[in-house]
Participant: 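Questions regarding the structure given below will be posed in turn.
As a basis for the values below, the full set of heavy atoms in this structure was taken, side chains included, without hydrogen atoms, waters or symmetry mates. Ligands are counted one by one from 1 in listed order, and the atoms in each one are counted from 1 as well.
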Amino acid sequence: MNKPFSLYIHIPFCKSKCPYCDFYSARPEEDDVFDRYLAALCARLAVYGEKYGERLLHTVYFGGGTPSVFGAKRLCRVLEKVKEQFNVAENAEITTECNPADVDVSFFETLKRGGFNRISMGMQSANEAELKILGRRHTAETVREAVEAAREASIDNVSVDLMLGLPNSNLETLKSSIDFCAALEADHVSAYILKIEPGTPFAKQELNLPDEDGTADQYLFAVNELKKHGYAQYEISNFARPGKESRHNLQYWRCGEYLGLGPAAHSFMEGRRFYFPRDLEGFLNGNVPTDDGAGGGFSEFAMLSLRLTEGLQRKICETRFENGGALFDGVLEGCKHLPKNLIHADYERISLTAEGFLVSNAILAEILPG
Ligand code: SF4
């Protein structure tokens, strides 16, 4: 396999911890931790550059945590090191996540000069009461100003995150958040259903959450409403204007190779999965990743493909797996008993509908080989 690969860089710092969040992040308590982290990332980039430096790298994504708290100059320094060590494609998609509360025009100008060309803005909602419950540091106005600042700095590929099924939310509050995304002319929207993760403050609170039907209604409403505004669904939780799909995330869902650096970052390279433990101090001290076994088998490939509206395709199965046609047929057979409103299945392609995405785990358990 020698196709282009992707690079994920985890920036595990947040100014404060949101009460629903289960991602690995730490509060930067010591002054020098950012510089130590920068040095640790550059050291890992040198190591992996030796190994994969000749391969074409076509997307780079800085996620978190909150990459914007790391500062534009450090993000650019990391990207510079990436370019020194790897064969970065001329048209590579280079994204960083940002908290709207951290940024201004000069922040984005620095990123632009450094080579970033896409921003993923952690908006979550445009409703002030919802943002407050979520413990976010920004308001809707902050998001609007942040998106305008990115555009002023000529970074014109902007994605925003939206959360569904929030406490006290309803179709009306959701509609106003979607209208807000459209008015911003965001290029891409990621819309995730809030999941209450064990061990988070939300798990211990009495929250007025919509019930399962109410959340499903919000999801289907979002799919339709976003479509009306020109955002086509291309994955369970992702929507884009034409040509603005996230190339980096497509790499994951198409079961392509990616290298992930930073505590809690996962990788899939040369048929193996591995990850760095959720341990900042360990990463700063040069720990090595933990092997997570072989990856990219048919079930995994099919499961990822079925997250996408393009679905599982016979031709791709045949190219990728020795007995790909028969494996595809096996899945097709399992689809015969499923209601048509959940799944489209024909000789060439199998794909879930929006209603099917809502119950995708149950469908996958039924149609994929164990
Ligand atoms: S800013 Fe993002 S990563 Fe940090 S605590 Fe909040 S949701 Fe989690």
Participant: Of the protein's non-hydrogen atoms, which lies at the shortest distance from atom 1 (S) of ligand 1, and what is that distance?
Facilitator: Thr66 OG1, 3.5 Å
Participant: What's the shortest heavy-atom distance between Gly256 and Phe268, and which atoms?
Facilitator: O-CD2, 3.4 Å
Participant: Taking the non-hydrogen atoms of Arg136, is any one of them nearer than 4.0 angstrom to ligand 1?
Facilitator: yes
Participant: Name the one of Tyr252, Tyr61, Tyr48, Phe5 that satisfies ring-ring contact (aromatic ring centres under 6.0 Å, His included) with Tyr258?
Facilitator: Tyr252
Participant: Is the closest basic N to carboxylate O distance between Glu80 and Lys73 below 4.0 Å?
Facilitator: no
Participant: Looking only at protein heavy atoms, which one is nearest to atom 7 (S) of ligand 1, and what is the separation?
Facilitator: Tyr20 OH, 3.4 Å
Participant: Atom 6 (Fe) of ligand 1 and Cys18: any N/O/S contact shorter than 2.8 Å?
Facilitator: yes
Participant: Where is the nearest protein heavy atom to atom 4 (Fe) of ligand 1: which residue, which atom, and how far?
Facilitator: Cys14 SG, 2.3 Å
Participant: Would you say CD of Glu141 has more than 12 non-hydrogen atoms from neighbouring residues, nucleotides or ligands within 6.0 angstrom?
Facilitator: yes
Participant: Is the positively charged end of Arg77 above the ring of Phe70, judged by distance under 6.0 angstrom from the centroid and angle within 45° of the axis?
Facilitator: no
Participant: For Gly65, counting its heavy atoms only, list the atoms of ligand 1 lying under 4.0 Å from any of them.
Facilitator: 3 (S)
Participant: Phe116 and Phe62: aromatic ring centres closer than 6.0 Å?
Facilitator: yes
Participant: Under 2.8 Å from atom 8 (Fe) of ligand 1 - does any N, O or S atom of Cys21 fall there?
Facilitator: yes
